[in-house]
Novice: 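Can you read through this structure? Questions will come right after.
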Protein chains: 2
Amino acid sequence: MATIETATKPDCAPLRADAQRNRERILAAASKLIAIHGNEVEMTDIAEAAGVGVGTLYRRFPDREALLIEMLREKFAELVATLRGVLEREDLTARERLDTFIRASCEIQGRDLGLHEALSTVTGEHQAIARSTPGLVESMERLAAEAVAEGSVRSDLAWEDIVMCSCALGHVIQHEDSLPGSWERLLAIQLAGLNPGPPG
Amino acid sequence: MATIETATKPDCAPLRADAQRNRERILAAASKLIAIHGNEVEMTDIAEAAGVGVGTLYRRFPDREALLIEMLREKFAELVATLRGVLEREDLTARERLDTFIRASCEIQGRDLGLHEALSTVTGEHQAIARSTPGLVESMERLAAEAVAEGSVRSDLAWEDIVMCSCALGHVIQHEDSLPGSWERLLAIQLAGLNPGPPG
DNA sequence: ATACAAACGGAATGAAGCTTCCGGTTCACT
DNA sequence: AGTGAACCGGAAGCTTCATTCCGTTTGTAT
């Protein structure tokens, strides 16, 4: 609904020390719980894990949605950090960087259900956050463009394909229990599918 | 929890005509609503769509879970019918049959959120239903085996890979709004990824 | 036609989870 | 070391659903 703005830094009102500490604990607790259980965790559980009362939680964040958005913002920022780290690796070919990132995003999603859900979900804010995370789209574009330039992937590869492959893999990973250990197979299939078409 | 058994046919107590009619209306309404909105639809809405009161719904099905299970059983049966239809097409190569089925399963999942969720979900019964649907696994095995025998796919292709590809694609399709129309690209990538490895 | 077991509808119940409220506590500035 | 704004905890309020209950209606077998 409202415009999305970073709510962490702007000291519109420099929080009291204890309040600031609690704010961070709440975000950390939410992050951890949601990584494990997904977005359906209860406010009460987050408060408890953070070692504060629900009242405190609601003093810091107007409602559930606001808390989740702020938390996601952090997770996306970490994702971009990973992505940038991969882009800088000049010891790898562009294709190897691409594969490395896709694999890394699989591992991250395997560890963090909440992030996977966010990556997949369109509903309202999530998509807006992803797109507004500085550097996310740009870095993916670069990842794709460099591999295309190198000629080691299909020539029409776009950044959206990277997102799509990652989301699809993340989905399988999160449902791994039904077909244990098999997401590596899908990864192999998809990476093979990214190869350049036959020269003809 | 309990053993899964077909609850439709066994006339353990031949339903009264109106009751039977209502039972079918309820299943149809649930099927339609869940195809559109996913598993989170409300019992009241299902009852309303079926043109009955909630009380009636609960006379027919002990609880929400039971209704959903029965409905899924029907959906899986339809999926097997599609699969069998494809397997019979002798005008196609084995590889073409494989591609046709994967594409068909994409379209079905695009049309039916509930089925997609069921295909992906492990939680309890769903997986059991899928595995216990007569012919589902067997048909997929045959689909894979024939393509392997023909040499038109990677030689280690297994039926689980077909499920995985379908689920992964279904996931992307259901979240199409974020990257409109792009699931066809992932389909192309995955199908290419199924090609046999380089002869060497 | 009559009777009654079975079925019907939908208001009432209860559980679960988000959010608010308020009396008591704590920081931070003089 | 005093004071008040800001903060804290968690009980209570509210909403949303699944599920139950019960007085009324309907199919079907005599």
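Reminder, nothing fancy here: chain letters follow the sequence lines and each chain counts from 1. Worth saying up front: this structure is predicted, and the values here are computed from it rather than measured.
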Novice: Given atom CD of A/Gln20 and atom C1' of D/dA6, what is their separation to the nearest angstrom?
Specialist: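 For the pair A/Gln20 CD and D/dA6 C1', the rounded distance is 14 Å.
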
Novice: Between the main-chain N or O of B/Leu92 and the side-chain N or O of B/Arg97, is there a donor-acceptor pair closer than 3.5 Å?
Specialist: yes

Novice: Assess whether atom CD of A/Glu90 is packed by more than 12 heavy atoms of other residues, nucleotides or ligands within 6.0 Å.
Specialist: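 Open: at most 12 neighbouring heavy atoms sit under 6.0 Å from CD of A/Glu90.
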
Novice: Assess whether side chain to side chain donor-acceptor pair (under 3.5 Å) is satisfied between A/Arg95 and A/Asn195, documenting all intermediate values.
Specialist: CA-CA 9 Å; A/Arg95 174 61 198 250; A/Asn195 290 339; 3.0 Å; yes

Novice: Check this for me, if you would: do B/Glu70 and B/Arg73 make a salt bridge, where the nitrogen-to-carboxylate-oxygen distance has to be below 4.0 angstrom?
Specialist: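 Yes, B/Glu70 and B/Arg73 are salt-bridged.
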
Novice: B/Ile46 CD1 to C/dG9 P: how many Å, rounded?
Specialist: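 Nearest whole value for this atom pair: 15 Å.
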
Novice: If you measure from the Lys or Arg side-chain nitrogens to the Asp or Glu carboxylate oxygens, is any gap between B/Arg103 and B/Glu184 under 4.0 Å?
Specialist: yes

Novice: Assess whether atom CD of B/Glu48 is packed by more than 12 heavy atoms of other residues, nucleotides or ligands within 6.0 Å.
Specialist: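 No - once you tally the heavy atoms of other residues, nucleotides and ligands closer than 6.0 Å, there are 12 at most.
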
Novice: Could you tell me if the ring centre of B/His171 sits under 6.0 Å from that of A/His175?
Specialist: no

Novice: Side chain to side chain contact (heavy atoms under 4.5 Å, CB included), that's the test. Do B/Ile36 and B/Leu113 meet it? Break it down for me.
Specialist: CA-CA 6 Å; B/Ile36 298 171; B/Leu113 175 53; over 6 Å; no

Novice: What about B/Tyr58 and B/Leu27, same hydrophobic cluster or not, with Ile/Leu/Val/Met/Phe/Trp/Tyr joined at side-chain heavy-atom distances under 4.5 Å?
Specialist: yes

Novice: How large an angle, rounded to 10°, do the end axes of the helix from C/dA1-D/dT30 to C/dT30-D/dA1 enclose when each is built from five base pairs?
Specialist: 10°

Novice: Encode nucleotides 15-21 of chain C as B, S and - characters from 5' to 3', where the letter depends on protein heavy atoms closer than 4.0 Å: B to the base, S only to sugar-phosphate, - to neither.
Specialist: --SSBB-

Novice: Flag the pair B/Leu83 / B/Phe101 as yes when at least one side-chain heavy-atom distance between them is below 4.5 Å, and no otherwise.
Specialist: yes

Novice: Could you tell me whether A/Arg142 and A/Glu146 make a salt bridge, using a distance below 4.0 angstrom between a side-chain N and a carboxylate O?
Specialist: yes

Novice: Does C/dA7 have its OP1 or OP2 closer than 4.0 Å to a side-chain nitrogen or oxygen of B/Arg23?
Specialist: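 It does not, given that no N or O in the side chain of B/Arg23 lies less than 4.0 Å from OP1 or OP2 of C/dA7.
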
Novice: Tell me whether the side-chain N/O atoms of A/Asn22 come closer than 4.0 Å to OP1 or OP2 in D/dC8.
Specialist: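 Result: yes.
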
Novice: Rounding to a whole Å, what distance do you find between B/Leu57:CG and D/dC21:P?
Specialist: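 B/Leu57 atom CG is separated from D/dC21 atom P by 17 Å.
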
Novice: Could you list, one pair per line, each protein nitrogen or oxygen that sits under 3.5 Å from a nitrogen or oxygen of nucleotides 27-30 of chain C, together with the distance?
Specialist:
{"residue": "C/dA28", "atom": "OP1", "partner": "A/Ala17", "partner atom": "N", "Å": "3.0"}

